[in-house]
Amino acid sequence: MQPDTIRWPAPAKLNLFLYITGQRSDGYHELQTLFQFIDRCDYLNINANMSGNITISPAIPDVPLESNLIYKAAMLLKKHADCPLGAHIELEKNLPMGGGLGGGSSDAATTLVALNYHWDLNVSQQTLSELGKSLGADVPIFIHGKAAIAEGVGEKLNSVSPAQSHYLIAVPSCHISTPAVFKNPNLKRDSKKLSHQELMSNKWTNDCEPCVKKHYPEVANTIDWLLEYAPTQMTGTGACVFSTFSHANEAELLAQKTPEWLNCFTAEGLNISPLRELLTTKNQTNQFAL
């Protein structure tokens, strides 16, 4: 057991493009999407212990402990590895819930990766991803830890290296249900499946954006305002949208002139996640200590 308390990052992600290429007989949609991380993170302060219990603070309002993705991830790993150990997890929540940035999935992925380290379980990355997939379709990309094109229902990952741009990310004041978006009869479901080379060189768009804009004026107004200044689109199924810049100061300047109704922050794109970088450092330190 690694008993030291470690502050683990759970980074947000952006979908730089999202195309729906079909729908399977089981109802799931076939996708092609490009994931990139940003340097905005939740943080999990984790201390392993001998109690056998998983405790989390602070409690998330209106979310029972058994429904908390962090708790579910910890218990899933305990059961898989038949691990008798416990942990206390303190969550620093910085990412908006339900905004399309993957905050809950990232928290779950960080829990799996971090407890695998703290409990000395040596569960493989592939197995962690399989466990994570049962918690949410986006969990595997956070365990993968590298920018990637995802295909299938999001489980087939191929690492790529898009430009690490700077972003202004806006958070409209609405919550969007991902299942509701995918059930919308007007959702585009017939995008042509493209090669990775074509995907990386074409203009990037999001097939979910037209439906969301139609039903959520907060998203439509945000996109329309930002498009006056920079290329802008929605991430995932929303509600968050992002504008892309080559330099950090350009994003900061636009952030300073946004109207009061537009809640936003700036971030840098990352092709290697902060979680993967920290885990690599910890593993190297332990290896050298031996």
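Scope of the values below: all heavy atoms of this structure, side chains included, with no hydrogens, waters or symmetry mates. In this text the structure is predicted, and so the values were computed from the model without any measurement.
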Calculate, to the nearest 0.5 Å, the distance between atoms CG and CG belonging to D120 and L115 respectively.
11.5 Å

Go through the structure and list residues passing side chain to side chain contact (heavy atoms under 4.5 Å, CB included) with C264, not counting sequence neighbours.
L168, A170, A255, T258, L262

Examine the side chains of E198 and S195 and answer whether a donor and an acceptor come within less than 3.5 Å of each other.
yes

So, taking the atom named CD in E90 and the one named OG1 in T55, what distance separates them when rounded to the nearest 0.5 Å?
10.5 Å

Can you sort out the partners of D224 under side chain to side chain contact (heavy atoms under 4.5 Å, CB included), two or more places apart, ordered by chain and number?
K213

Look only at the side chain of D39 and the backbone of E268, and say whether a donor-acceptor pair between them is shorter than 3.5 Å.
yes

For a quick check under 3.5 Å, do H166 and N249 share a side-chain donor-acceptor pair by atom type?
no

Residues 63-80 vs side-chain hydrogen bond (donor to acceptor under 3.5 Å, both in side chains), sequence neighbours excluded, gives none

If you apply the rule side-chain contact (heavy atoms from CB on, under 4.5 Å), what do you find for I56 with L65, and how did you get there?
CA-CA 8 Å; I56 302 172; L65 180 63; 3.9 Å; yes

Kindly state each residue pair satisfying salt bridge (charged side-chain N to carboxylate O under 4.0 Å, His left out) with at least one member in residues 236-262, sequence neighbours excluded.
none

Considering non-hydrogen atoms only, spot the tightest contact between N47 and P3 and give its length.
ND2-O, 2.7 Å

Donor-acceptor contact below 3.5 Å, side chain T281 vs main chain E277
yes

Does some side-chain heavy atom of H196 sit less than 4.5 Å from a side-chain heavy atom of N158?
yes

Donor-acceptor pair between T5 and H88 side chains, under 3.5 angstrom:
no

Could you go through the side-chain hydrogen bond (donor to acceptor under 3.5 Å, both in side chains) check for T237 and T178 one step at a time?
CA-CA 6 Å; T237 56; T178 295; 2.8 Å; yes

Are F37 and V171 connected into the same hydrophobic cluster when the rule is that any two of I, L, V, M, F, W, Y join if their side-chain heavy atoms are below 4.5 Å apart?
no

Correct closest heavy-atom pair for R189 and P185 would be NH1-O, 3.7 Å

Write out all pairs satisfying side-chain hydrogen bond (donor to acceptor under 3.5 Å, both in side chains) with one or both partners inside residues 97-113, taking only residues at least two apart or from two chains.
K93-D107

Around atom NZ of K188, are there more than 12 heavy atoms from other residues, nucleotides or ligands closer than 6.0 Å?
yes

As a quick check of understanding, evaluate side-chain contact (heavy atoms from CB on, under 4.5 Å) for Q233 and T244, giving each step before the final call.
CA-CA 9 Å; Q233 67 183 65; T244 305; over 6 Å; no

Are the side chain of N49 and the backbone N or O of L85 linked by a donor-acceptor pair below 3.5 Å?
no

Are there more than 12 heavy atoms of other residues, nucleotides or ligands under 6.0 Å from atom CE of M97?
no

Between L275 and I143, is any pair of side-chain heavy atoms under 4.5 Å apart?
no

List for me each residue that meets ring pair (Phe, Tyr, Trp, His ring centres under 6.0 Å) alongside Y229, sequence neighbours excluded, and say none if there are none.
W225

For F242, which residues count as a ring pair (Phe, Tyr, Trp, His ring centres under 6.0 Å) partner, sequence neighbours excluded?
Y167

On a heavy-atom basis, which atom in A114 and which in I46 lie closest, and how many Å separate them?
CB-CD1, 3.5 Å

Nearest 0.5 Å, what's the SG-OH distance between C211 and Y216?
11.0 Å

Please round to the nearest 0.5 Å and tell me the distance separating atom CG of L279 and atom NZ of K282.
10.0 Å

Partners passing salt bridge (charged side-chain N to carboxylate O under 4.0 Å, His left out) against K156 (at least two apart in sequence or in another chain):
none

Count I, L, V, M, F, W, Y as connected when their side-chain heavy atoms are under 4.5 Å apart, and connections chain through other members. Are L14 and M200 then in the same cluster?
yes

Would you say the side chain of D207 lies within less than 4.5 Å of the side chain of L18, judging by non-hydrogen atoms?
no

Is there a side-chain contact between L34 and V160, using heavy atoms and a 4.5 Å cut-off?
yes

Give every residue pair that meets the salt bridge (charged side-chain N to carboxylate O under 4.0 Å, His left out) criterion with at least one member in residues 12-38, sequence neighbours excluded.
K13-D138, R24-D26

Between I54 and V113, is there a shared hydrophobic cluster once you connect ILVMFWY residues whose side-chain heavy atoms come closer than 4.5 Å?
yes

Using the ring pair (Phe, Tyr, Trp, His ring centres under 6.0 Å) criterion, which residues pair with H118? Sequence neighbours excluded.
W8

Quick check: does any side chain N or O of Y19 sit under 3.5 Å from a backbone N or O of T205, one acting as donor and the other as acceptor?
yes

Who pairs with A239 by side chain to side chain contact (heavy atoms under 4.5 Å, CB included), at least two apart in sequence or on another chain?
P172, C174, I176, V219

Step by step, would you call L226 with S243 a side-chain contact (heavy atoms from CB on, under 4.5 Å)?
CA-CA 7 Å; L226 290 170; S243 301; 3.5 Å; yes

So do the side chains of I6 and D4 get within less than 4.5 Å of each other, counting heavy atoms only?
yes

Decide whether I272 and Y117 are clustered together by the hydrophobic rule: side chain heavy atoms of Ile, Leu, Val, Met, Phe, Trp, Tyr closer than 4.5 Å, transitively.
no

E92/R7 salt bridge by N-O under 4.0 Å criterion:
yes

Closest non-hydrogen atoms of G103 and D42, given as atom of the first, atom of the second and distance, are O-OD2, 4.1 Å

Rounded to the nearest 0.5 angstrom, the CD-CG distance for Q36 and L16 is 5.0 Å

Where is the tightest heavy-atom contact between W204 and P162, given as atom of each residue plus distance?
CH2-CB, 4.3 Å

Would you check, one step at a time, whether the test side-chain contact (heavy atoms from CB on, under 4.5 Å) holds for L194 with N202?
CA-CA 10 Å; L194 301 175; N202 286 359; 3.5 Å; yes

Looking at T33, is its backbone amide N or carbonyl O close enough to the side chain of N15 to form a donor-acceptor pair, meaning the two atoms are under 3.5 Å apart?
no

Between CG on residue N271 and CD on residue Q164, distance to nearest 0.5 Å
4.0 Å

So N116 and L128, do their side chains get closer than 4.5 Å, heavy atoms only?
yes

Distance-minimising heavy-atom pair for N94 and C41
ND2-O, 2.8 Å

So do the side chains of I169 and T266 get within less than 4.5 Å of each other, counting heavy atoms only?
no

Give a yes or no on whether W119 and V123 share a hydrophobic cluster (residues Ile, Leu, Val, Met, Phe, Trp, Tyr; joining criterion: side-chain heavy atoms under 4.5 Å apart).
yes

Is any side-chain heavy atom of T235 closer than 4.5 Å to one of N206?
no

Holding to ring pair (Phe, Tyr, Trp, His ring centres under 6.0 Å), I want the full list of residues that pass it with F182, two or more places apart in sequence or in another chain.
H29

